[in-house]
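Before any comments, here is the structure.
Bear in mind the structure is a predicted one, so any value in this text is a computation, not a measurement.
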Amino acid sequence: MISDGLEAKAGSLSAGLSRFMMWKSADGKAEASHLVSQLETLIVGMLNKATLLNLLRHFIVFEKSKKEDKVNGEAREGALGCPKTGVISISTVRKLAAYHQYYAVNAAVASTLRAAGVGARFIAPENSTCHQSGRDESRPYGIKQDPAVYQLPGVVNQPRGDKKAGVVWHTQGSGKSLSMVFYTGKIVLALDSPTVLVITDRNDLDDQLFDTFAASKQLLRQEPVQSANREQLKELLKVASGGVIFSTIQKFQPDEGNVYEQLSGRRNIVVIVDEAHRTQYGFGARTVDEKDASGEVVGKKVVYGFAKYLRDALPSATCLGFTGTPIEKTDVNTPAVFGNYVDIYDIAQAVEDGATVRIFYESRLVKVGLSDEGKKLIAELDEEFDDVGADCIRPEGARNAPLPETQKAKAKWTKMEALIGSEQRIKNIAKDIVAHFEARQEVFAGKGMVVSMSRRIAAELYAEIVKIKPEWQMQQDKLRELAVVLTQKIRENASIDWTIKESVRAKLKVIVKRILRQYGYPPDMQLLATETVLKQAEMIANELVG
């Protein structure tokens, strides 16, 4: 604890000053008044016996980090007057939960036990004492921020045993991954040798989250396991008890048909889903193209949302969702799978607490120049798509049938991309970027990132920027040639099977490594480059699936 009598913050012994955080609630129900000193709130809220013991036992992790001394990005000895470089040092950092993580995890654990229909002693009925945290609560489950404040439904009125533990909405950058670790460590003790399945929808997110959990195995009291394929996933889930398992949601695609085999009927299985607001976690059915091994369309097939297959495999599991963005009010899939909100920590709170940095937006409008003829054409196209749609993507024998909503959205996106990426507009944006960035560099040095609507626009925008500033162009001709070859190979080998068969990923990985060696790419950077290329391939594969 550090305090000057007015301000007060808490952190671990190994934390830097920026990692010390205020404890902003004395009871877990609401933020303390600004008229009450921060020191008093911290003493009453954090240092009471029950909370302090809870923190010490369940909310501290030790994380090791590796750092290599480098000069100008390279490991060299004696450069720039440095006595030694290239030395690898390993340090251990102790991390302590912030107040929003503490209260959210306690709320999620209690809601999970309610949803699983077990552990009544952990569950606080309304207007009673929350035994899990030892605090007097006027709301059940110890929810720190009542969703009703946002006019949103909470888990308060959900029935016992409904298998929907709820959704934790904690904004990006507020320590969501660590909150998931704290939750897992605590639910492992609260349930009887549970199996915890952590689900993501991208391999890079799976790797990142797994690394966070693997660094906290002492708190988890076991080694987490990352499933390599569907066969291994099935073996890991067919156990009698225990285990912290990581998998991508795509591994729950049935080999054939629309029913996934049941892997376990146990009630003490908890499924934690990262970014739970995404549409692939729904139950709904849709019709997609069925393709052969060469990628040719051979027919149509009906597929369901992955939540349906997940529920087929684990019918009695309890699902808890984490998300960094709010759930849209029109979203029916997320509440159907996970239930309502457990805890909310939005970006306004995170910025006020210093958990995330403030983002400033500057409007720089670049108009799309259209002739009267062009405007007339767009109006006609809008009317055509709204009335009947395009014959080329309408089902056979249904010439006058309305266009499906998904196809209508794709058609409008294509048209919008063409307008936004028009030649003159790209030239105007390139000029604005160069002028703006150079003006900023005169004030202070920094980096810039350009985000575009599509890869085509990104490539053409880059070409226009280097016309204005040739010195910004990549000077390594060999590197540019390598990028062209890699892009070509990705497009040749990307397949919808990427989301189903691990062999596709393994094959492309071999191809990428071989090309990198052929072009003499630095050996110590090949691993990172390979993973970067594979991520791009996954994005292309996802586009094929969509």
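Judged by distance alone, the side chains of T248 and K251 do bring a donor and an acceptor atom under 3.5 Å apart. Side-chain contact of Q172 with E275: a donor-acceptor pair under 3.5 Å is present, judged by distance alone. For the residue pair K308/N258, the side-chain donor-acceptor check at 3.5 Å is not satisfied.
For the pair K24 and Y99, the tightest heavy-atom approach, listed with the atom from each and the gap, is CD-OH, 3.6 Å. In this structure, A307 and V337 approach most closely via the heavy-atom pair CB-CG2, 3.6 Å. Of all the heavy atoms in V188 and P194, the pair that sits closest is O-CD, 3.6 Å. Taking every heavy atom of both residues into account, D353 and M21 meet most closely at O-CE, 3.8 Å. Residues F213 and S177 share a closest heavy-atom pair of CE1-O, 4.3 Å. Smallest separation of non-hydrogen atoms from V167 and G339: CG2-O, 4.0 Å.
Counting only distance, with no hydrogens or angles, the side chain of S174 and the backbone of T171 share a donor-acceptor pair below 3.5 Å. R114 places no side-chain N or O within donor-acceptor distance of the main-chain N or O of D162, the cut-off being under 3.5 Å. For Q101 (side chain) and A98 (main-chain N/O), a donor-acceptor pair under 3.5 Å exists by modelled atom type. For the pair S111 (side chain) and A107 (backbone), a donor-acceptor distance under 3.5 Å is absent. The backbone N or O of G243 sits less than 3.5 Å from a side-chain atom of Q222, completing a donor-acceptor pair. Not one N or O on the side chain of R94 forms a donor-acceptor pair closer than 3.5 Å with the backbone of I60. Checked by atom type and distance alone, the side chain of R221 pairs as donor or acceptor with a backbone atom of L219 at under 3.5 Å. When atom types are taken as modelled, the side chain of S247 and the backbone of I199 share no donor-acceptor pair closer than 3.5 angstrom. Checked by atom type and distance alone, the side chain of Q158 pairs as donor or acceptor with a backbone atom of N340 at under 3.5 Å.
Ring-plane geometry between F210 and F246 is classed as perpendicular, the angle between the planes exceeding 60 degrees on a 0 to 90 degree scale with a lower cut at 30. Between Y102 and W23, the ring-plane angle classifies as tilted under the 30° and 60° cut-offs.
A side-chain contact (heavy atoms from CB on, under 4.5 Å) with I245 is found for one member of V271, I269, L233, V198 and no other, namely L233.
Seen from the ring of Y260, K234 counts as a face-on cation partner, given the 6.0 Å and 45° thresholds.
Shown here is D192, whose CG atom has no more than 12 heavy atoms of other residues, nucleotides or ligands within 6.0 Å. Residue R266 places its CZ atom among more than 12 non-hydrogen atoms of other residues, nucleotides or ligands, all under 6.0 Å distant.
Note that CG of L197 and CD1 of I249 are 8.0 Å apart. Values are rounded to the nearest 0.5 Å. Note that NZ of K186 and CG of N106 are 3.5 Å apart. Values are rounded to the nearest 0.5 Å. Distance check: C319 SG to R311 CZ gives 4.5 Å after rounding to the nearest 0.5 Å. How far CG of L96 is from CE of M46: 5.0 Å, rounded to the nearest 0.5 Å. Taking CG of L178 as the start and NZ of K176 as the end, the distance is 11.5 Å to the nearest 0.5 Å. Atom OG1 of residue T318 and atom CZ of residue R267 lie 6.5 Å apart, to the nearest 0.5 angstrom.
The pair R230-E261 fails the salt-bridge criterion, with no side-chain N (NZ, NE, NH1 or NH2) lying under 4.0 Å from an Asp/Glu carboxylate O.
By the 4.5 Å heavy-atom criterion applied to side chains, M1 and L47 are counted as neighbours. Side chains of Q253 and Y309 form a contact here, defined as non-hydrogen atoms less than 4.5 Å apart.
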